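Computed from a predicted model, the values in this text were never measured in an experiment. Along the sequence shown, residues carry numbers from 1. Computed from heavy atoms alone, side chains included, the values below leave out hydrogens, waters and symmetry copies.
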Amino acid sequence: MSVSNSIDVYYMQRAIELAKRGQYTTRPNPNVGCVLVRDGQVLGEGFHARAGQPHAEVMALRAAQVSGQAINGATAYVTLEPCSHHGRTPPCADALIAAGITRVVIAVSDPNPKVAGNGIAKLRAAGLEVQTGICEAQAAALNAGFLRCMQGGLPWVRAKIACSLDGRIALADGTSKWITGDAAREDGQRLRARSGAIITGSQTVLSDTPRMDVRSTSLGVPVADIPAPLLVVLDRQARISLDSDWVHAQVQNRPLWMVQSPDLSLVEVLNELKQRQVYEVLIEAGARVTTAFLQAGLVDELIVYQAPCLLGQNAQPMFIADIGALNQQLRLDMVSHETLGQDRKLTFTIAK
């Protein structure tokens, strides 16, 4: 790696860390961070915090101006291609040009049809040097669902499971509170906070009457600033009365979608969520719903919180597919593993 390239990586890593500050609050907008640098000095930093508020580039420019820094001749490090269109805010490409930025380093090009290279083209047409692809994989991971949906795909789906060492998620009578400890449940709050929707099943609702809300005070931002994830309940047999106390309690506090049409497929559910600008989905459900998504090939990440306990053969399993031969097995690729209190967090992608 050349010296100049390593410098670009260094500042882009900082921009990525800034972008993460908005991961719970920017929905449905992507997470973006920006760092302004000249002669090895950081002039200003910014990140996009909430839809409708200034984008990362504008926040960084404002920070530089407040500190009295001259911006002419600086380099801007941005995790996502600057926008080139008028939306709820003016184009960031125009703001960079007007400020006298001479070089822009971009991690990921924006596939949003409203941008789609136009931001890069506008910068170059104004005489700015533009480099792309620095820390691309890391920056893309911040907005995996957004990027895929902008390219015509489905939302990014995570399935979360809490289980015992022998792969059981509840006792035979459905009791499951609590298999895992406080640290694992707190980590689950982070998954909820970054999700535009949470999908569960009717049996989970009938058994647990869950809240499935974001209520952690340890996320680094006030809970009130986090858009409440849409709760999607798959209830194709209409087992849950729409006039029930649980439904009334939900709709008073968050958006709720009761899927009671027996003909709506899982793909159609995800497509509808995409139309609602939901780009990241969390499945928190029993084995039947989770298995259905896994077998349909619709799960991108499987997160397993495994507790150091044994629940026995009569307890409910985490996966209920009937597999009769080893060549039918569902293979996983481990992405990471970590210890949370007494529990283990295992993150997998589905092997292709």
Side-chain angles (χ1 to χ4, degrees), residues 141 144-149 151-163 167-170 174 176 179-180 187-188 190-208 210 212 229-240 255-306 316-323 328-336 345-352:
F146 172 84
L147 295 173
R148 180 196 283 166
C149 286
Q151 293 170 314
L154 293 172
W156 189 266
V157 177
R158 296 180 180 90
K160 165 185 168 292
I161 299 174
C163 71
R168 304 290 168 159
I169 61 174
S176 62
I179 293 175
T180 54
D187 195 74
R190 294 183 177 89
L191 295 179
R192 286 182 184 176
R194 67 177 299 177
S195 303
I198 298 170
I199 296 179
T200 194
S202 57
Q203 187 58 53
T204 296
V205 172
L206 293 171
S207 299
D208 300 337
M212 289 195 177
L230 168 67
L231 181 56
V232 182
V233 181
L234 302 181
D235 183 29
R236 292 188 174 89
Q237 297 179 12
R239 303 167 68 196
I240 301 170
L256 175 68
W257 179 23
M258 299 293 296
V259 181
Q260 294 188 320
S261 169
D263 300 323
L264 202 64
S265 70
L266 298 182
V267 170
E268 289 171 325
V269 169
L270 293 178
N271 265 316
E272 173 61 26
L273 291 177
K274 174 182 172 179
Q275 295 305 311
R276 299 187 187 202
Q277 293 186 296
V278 170
Y279 305 132
E280 294 191 16
V281 175
L282 178 64
I283 299 172
E284 285 197 71
R288 189 172 301 280
V289 170
T290 303
T291 298
F293 273 93
L294 283 166
Q295 288 192 301
L298 297 174
V299 175
D300 297 292
E301 286 182 58
L302 176 64
I303 297 101
V304 179
Y305 297 99
Q306 191 172 48
Q316 299 178 20
M318 61 186 287
F319 187 62
I320 58 173
D322 186 9
I323 296 176
Q328 298 173 344
Q329 64 186 284
L330 182 62
R331 296 289 302 180
L332 310 174
D333 292 324
M334 181 175 287
V335 175
S336 64
K345 178 186 178 183
L346 308 173
T347 302
F348 304 91
T349 55
I350 311 305
K352 302 300 183 183

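Residues Val289 and Thr200 are not in side-chain contact: their nearest non-hydrogen atoms beyond the backbone lie 4.5 Å or more apart. Using a 4.5 Å heavy-atom cutoff, the side chains of Trp257 and Val269 are in contact.
Between the side chain of Arg148 and the backbone N or O of Pro155 there is at least one donor-acceptor pair closer than 3.5 Å.
Annotation: salt bridge (Lys or Arg N to Asp or Glu O under 4.0 Å) contacts involving residues 196-205, sequence neighbours excluded, are absent. Listed by first then second residue, pairs satisfying salt bridge (Lys or Arg N to Asp or Glu O under 4.0 Å) with a partner in residues 229-240 number zero, not counting sequence neighbours.
Each of Val259, Val281, Val278 was scored for a side chain to side chain contact (heavy atoms under 4.5 Å, CB included) with Val232, with one residue passing: Val259. Checked against Thr347 for a side chain to side chain contact (heavy atoms under 4.5 Å, CB included), the options Leu332, Val335, Leu302, Asp333 give a single hit: Val335.
Taking the side chain to side chain contact (heavy atoms under 4.5 Å, CB included) definition, one finds that Arg190 meets it with Tyr24, Glu186, Asp187, Leu219, sequence neighbours left out. Residues meeting the side chain to side chain contact (heavy atoms under 4.5 Å, CB included) test with Ser195, sequence neighbours left out: Leu282. For Ser265, the side chain to side chain contact (heavy atoms under 4.5 Å, CB included) test picks out Val267, Glu268, with sequence neighbours left out. A search for side chain to side chain contact (heavy atoms under 4.5 Å, CB included) contacts involving Gln328 returns Ile323, Ala325, not counting sequence neighbours.
The CE atom of Met334 lies 10.5 Å from the OG1 atom of Thr349; values are rounded to the nearest 0.5 Å. In this structure, CD in Gln316 is found 13.0 Å from SG in Cys163, a value given to the nearest 0.5 Å. The CD atom of Gln203 sits 13.0 Å away from the CG atom of Leu234 when rounded to the nearest 0.5 Å. Between atom CG of residue Leu231 and atom CD of residue Glu284 there is a gap of 9.5 Å, rounded to the nearest 0.5 Å. How far CG of Leu294 is from CE of Met318: 8.5 Å, rounded to the nearest 0.5 Å. Separation of atoms OH (Tyr305) and CD1 (Ile179) is listed at 14.0 Å; rounding is to 0.5 Å.
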- Task: List the steps, then state whether side-chain contact (heavy atoms from CB on, under 4.5 Å) holds for Leu273 with Ile199.
- Result: CA-CA 11 Å; Leu273 291 177; Ile199 296 179; 4.2 Å; yes
- Message: side-chain contact (heavy atoms from CB on, under 4.5 Å), that's the test. Do Leu230 and Ile198 meet it? Break it down for me.
- Response: CA-CA 6 Å; Leu230 168 67; Ile198 298 170; over 6 Å; no
- Trace of the side-chain contact (heavy atoms from CB on, under 4.5 Å) decision for Arg158 with Arg194: CA-CA 11 Å; Arg158 296 180 180 90; Arg194 67 177 299 177; 3.3 Å; yes
- Item | Step-by-step side-chain contact (heavy atoms from CB on, under 4.5 Å) determination, Phe293 to Leu266 | CA-CA 7 Å; Phe293 273 93; Leu266 298 182; 3.7 Å; yes
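The environment of CD in Gln237 is sparse: at most 12 heavy-atom neighbours from other residues, nucleotides or ligands sit within 6.0 Å.
Here the closest heavy-atom approach between residue Met212 and residue Thr204 is recorded as CE-CG2, 3.9 Å. Here the closest heavy-atom approach between residue Leu298 and residue Val157 is recorded as O-CB, 3.2 Å. Here the closest non-hydrogen pair linking Tyr279 and Lys274 is CE2-O, 4.3 Å. Here the shortest heavy-atom pairing between Ser176 and Ile169 reads CB-O, 3.4 Å.
In the model, Trp156 has a side-chain atom that pairs as donor or acceptor with a side-chain atom of Glu301 under 3.5 Å. There is no side-chain donor-acceptor pair under 3.5 Å between Gln295 and Thr291.
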